[in-house]
Amino acid sequence: MTSEVNREVHLVSRPVGMPTPENFSVVDAPMPTAGAGEVLIRNVWMSVDPYMRGRMYDRKSYAPPFQLNEAMGGGHVGQIMTSDNANFAVGDYVVGFMGGWREYFVSDGMGLEKVDPDLAPLSAYLGTFGMPGFTAYVGLLRIAELKDGETVFVSGAGGAVGTVACQIAKIKGCRVIASAGSDEKLAWLKDECGVDEVINYKKVSDLNEAVRAAAPKGIDVYYENVGGEHLQVAINNMNAFGRIAACGMISEYNATEPAPGPSNMSMIVGKSIKIQGFIQTFHLDMRPEFVADMGKWMSEGKLKWQETVREGVDNAAGAFIGLFSGENTGKMVVRLGPDTVD
Ligand code: NDP
């Protein structure tokens, strides 16, 4: 059974600085119908991700800008309601990257992947077993060339990417130092994921000193999610031939003026540090390895995850805004409907 309207979230003005609820509007759009070769998806979950902030600027980037007064796009997990596509049957669950921020979505099947609700809860395909988990995997194992037993510093450690990065590094026998902005997030990382040292960057008076104390022998790999002071401190504390996987710099996404750069960049030369940015979509050749490793680690009980759930499309914009004040522990997801309908 489907509804008469499709409720979707439009960007109605481009945020300046921190996004506000007024930048978004929930709109009753007509229910879409699937044409030849297409499927109609009823979304069960949608994702909000920090990278979407970049798409709210009207500028050229690796992902095109969101258009004003149109539904935004993003990660979603849903169930096929009608199908004229031989690759998908009615009832299948799929994950996609275009059809979020709305309750229903019509697709020609491009970019959709079937997911198995018996292997993991549907929402986990937007987090640990989805794009953020894959980002952690690529960043550590390919970009940072992580070696067993190294010392790894992870910023943004309590979020979707960071929680997986910490756990992969532990699985690889590394000593892991995690930075996040709440004691609850850090307690979970330490108690449940076996992270060795934790730092609440909002509470320490001197982040550099805290990292130095947590890693007296220095850092070999820095998994960068935050930028700003965290990057400066990581460079200070890195060992010779250290590697930095520059995954994201969320502290700068709402900046209205250029953020000051680290003042210690010359150390990159002296310490022979390698720093490389990356976008996960350019490393999709690693997907089969990721799926195999994550399946194995899950069956061995080595992976844990947490989610912060917001209910309904009306709360999607608030969920997104909450990413910038640390409201989420693990992956922030929005439930748009029940797993199954009659
Ligand atoms: P998270 O789930 O980690 O959510 C964002 C978290 O960042 C918040 O919960 C908050 O936690 C922290 N944060 C927010 N503002 C600041 C700040 N000013 N300083 C320090 N911490 C802050 O998001 P994701 O795991 O999805 O993404 C993490 C990073 O990875 C982001 O930078 C994102 O852009 C990037 N990314 C990059 C990809 C790629 O292909 N390169 C793909 C996916 C994500 P806290 O309580 O710790 O403050």
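What you see is a predicted model; the values in this text were computed from it and never measured.
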Within 6.0 angstrom of Met18 CE, more than 12 heavy atoms from elsewhere: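 Yes - once you tally the heavy atoms of other residues, nucleotides and ligands closer than 6.0 Å, there are more than 12.
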
Under 4.0 Å between a side-chain nitrogen and a carboxylate oxygen: does that hold for Asp183 and Lys203? yes

Can you name the closest pair of heavy atoms from Ile41 and Ser107 and give their distance?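 Closest approach of Ile41 to Ser107, heavy atoms only: CD1-CB, 4.2 Å.
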
Please assess Asp108 against Asn85 for the test side-chain hydrogen bond (donor to acceptor under 3.5 Å, both in side chains), listing each intermediate value before the final yes or no. CA-CA 8 Å; Asp108 62 5; Asn85 184 312; over 6 Å; no

Carefully, step by step, assess Cys247 and Gln280 under the rule side chain to side chain contact (heavy atoms under 4.5 Å, CB included). CA-CA 9 Å; Cys247 171; Gln280 53 85 22; over 6 Å; no

Residue pair Leu40, Tyr104: steps toward the side chain to side chain contact (heavy atoms under 4.5 Å, CB included) verdict: CA-CA 7 Å; Leu40 173 67; Tyr104 294 87; 4.2 Å; yes

Would you mind checking if Asp220 and Arg175 are paired as a salt bridge, meaning a charged N to carboxylate O distance below 4.0 Å? no

Closer than 4.0 angstrom, basic N to acidic O: yes or no for Glu311 and Arg335?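 Salt bridge flag = yes for Arg335 with Glu311.
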
Do you know which two heavy atoms are closest between Leu140 and Val221, and how far apart they sit? CD2-CG1, 4.1 Å

Glu145 bridged to Lys274 by N-O distance under 4.0 Å: yes

To the nearest 0.5 Å, what is the distance between CD on Glu22 and CZ on Phe24?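 It is 10.0 Å, given to the nearest 0.5 Å.
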
Dump the intermediate steps for side-chain hydrogen bond (donor to acceptor under 3.5 Å, both in side chains) on Tyr222 and Ser155, then the final yes or no. CA-CA 8 Å; Tyr222 172 46; Ser155 61; 2.9 Å; yes

For Phe290, the ring-ring contact (aromatic ring centres under 6.0 Å, His included) test, sequence neighbours excluded, returns Phe134, Tyr137

Interatomic spacing from CZ in Phe324 to OH in Tyr253 - rounded to 0.5 Å: 8.0 Å

Passing option when Arg212 is tested against Asp206, Asn237, Ile219 for side-chain contact (heavy atoms from CB on, under 4.5 Å):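 Of the listed residues Asp206, Asn237, Ile219, the side-chain contact (heavy atoms from CB on, under 4.5 Å) partner of Arg212 is Asn237.
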
Heavy atoms, side chains only, cut-off 4.5 Å: are Leu68 and Arg14 in contact? yes

Is the ring pair Phe320/Trp101 parallel, tilted or perpendicular, if the boundaries are 30 and 60 degrees?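 Aromatic pair Phe320/Trp101 classed perpendicular.
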
Which is it for Thr329 and Gln306 under the side-chain hydrogen bond (donor to acceptor under 3.5 Å, both in side chains) test, yes or no, and what are the steps along the way? CA-CA 6 Å; Thr329 299; Gln306 283 194 315; 4.8 Å; no

Determine, stepwise, if the pair Ser179 / Val154 fulfils side chain to side chain contact (heavy atoms under 4.5 Å, CB included). CA-CA 6 Å; Ser179 167; Val154 181; over 6 Å; no

Per-pair distances, 0.1 Å, donor-acceptor, side chain in residues 74-81, under 3.5 Å, sequence neighbours excluded:
{"unit_1": "His76", "atom_1": "ND1", "unit_2": "Asn43", "atom_2": "OD1", "d": "2.8"}
{"unit_1": "His76", "atom_1": "NE2", "unit_2": "Gly99", "atom_2": "N", "d": "3.2"}
{"unit_1": "Gln79", "atom_1": "OE1", "unit_2": "Arg42", "atom_2": "NH2", "d": "3.0"}
{"unit_1": "Gln79", "atom_1": "NE2", "unit_2": "Gly91", "atom_2": "O", "d": "3.2"}
{"unit_1": "Gln79", "atom_1": "NE2", "unit_2": "Tyr93", "atom_2": "OH", "d": "3.4"}

Neighbour count >12 (heavy atoms, 6.0 Å) for atom OH, Tyr62: yes

For Ala34 against Val39, the heavy-atom pair lying closest together: CB-C, 3.8 Å

Would you call Arg243 and Glu150 a salt bridge, using N to O less than 4.0 angstrom?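 So Arg243 pairs with Glu150 through a salt bridge.
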
To the nearest 0.5 Å, how far apart are NZ in Lys304 and SG in Cys193? 6.5 Å

Is there a side-chain contact between Cys174 and Thr151, using heavy atoms and a 4.5 Å cut-off? no

Residue pair Met72, Met52: steps toward the side chain to side chain contact (heavy atoms under 4.5 Å, CB included) verdict: CA-CA 9 Å; Met72 295 181 288; Met52 292 169 174; over 6 Å; no

Aromatic ring proximity Tyr125/Trp45, centre distance under 6.0 Å: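 Ring centroids of Tyr125 and Trp45 are no less than 6.0 Å from each other.
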
Taken to the nearest 0.5 Å, the spacing of Met56 CE from Phe66 CZ works out to 5.5 Å

Does Glu252 pair with Arg53 as a salt bridge, N-O distance under 4.0 Å? no

Heavy atoms from other residues, nucleotides or ligands near NZ of Lys114 exceed 12 (cutoff 6.0 Å):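 Yes, enclosed.
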
Please, which pairs that meet ring pair (Phe, Tyr, Trp, His ring centres under 6.0 Å) have at least one residue in residues 164-189, sequence neighbours excluded? none

So which heavy atom on Gly228 is nearest to which on Ser251, and how close?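 It is N-OG, 3.9 Å.
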
Backbone N/O of His10 and side chain of Asn69: donor-acceptor pair under 3.5 Å: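 No, Asn69 side chain to His10 backbone: no donor-acceptor pair under 3.5 Å.
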
Any donor-acceptor N/O pair, Glu224 side chain to Gly227 backbone, under 3.5 Å: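 Yes, the answer is positive, given that a donor and an acceptor are paired below the 3.5 Å cut-off.
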
Looking at every non-hydrogen atom in both residues, tell me the closest pair between Gln232 and Ser263 and how far apart they are.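 Result for this residue pair: OE1-N, 2.8 Å.
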
Side chains of Thr128 and Met294, heavy atoms from C-beta outward: is any pair under 4.5 Å?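 Yes - at least one pair of side-chain heavy atoms lies under 4.5 Å apart.
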
Is Arg142 salt-bridged to Asp285, going by a charged N under 4.0 Å from an acidic O?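 Yes, this pair counts.
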
Let me know which of Thr163, Asp49, Val161 forms a side-chain contact (heavy atoms from CB on, under 4.5 Å) with Lys331.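 Passing option: Asp49.
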
Are Tyr201 and His230 near enough that their ring centres are under 6.0 Å apart? yes

I need the minimum non-hydrogen distance between Ala214 and Ile199, along with the two atoms involved.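 So the two residues come closest at CB-CD1, 4.3 Å.
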
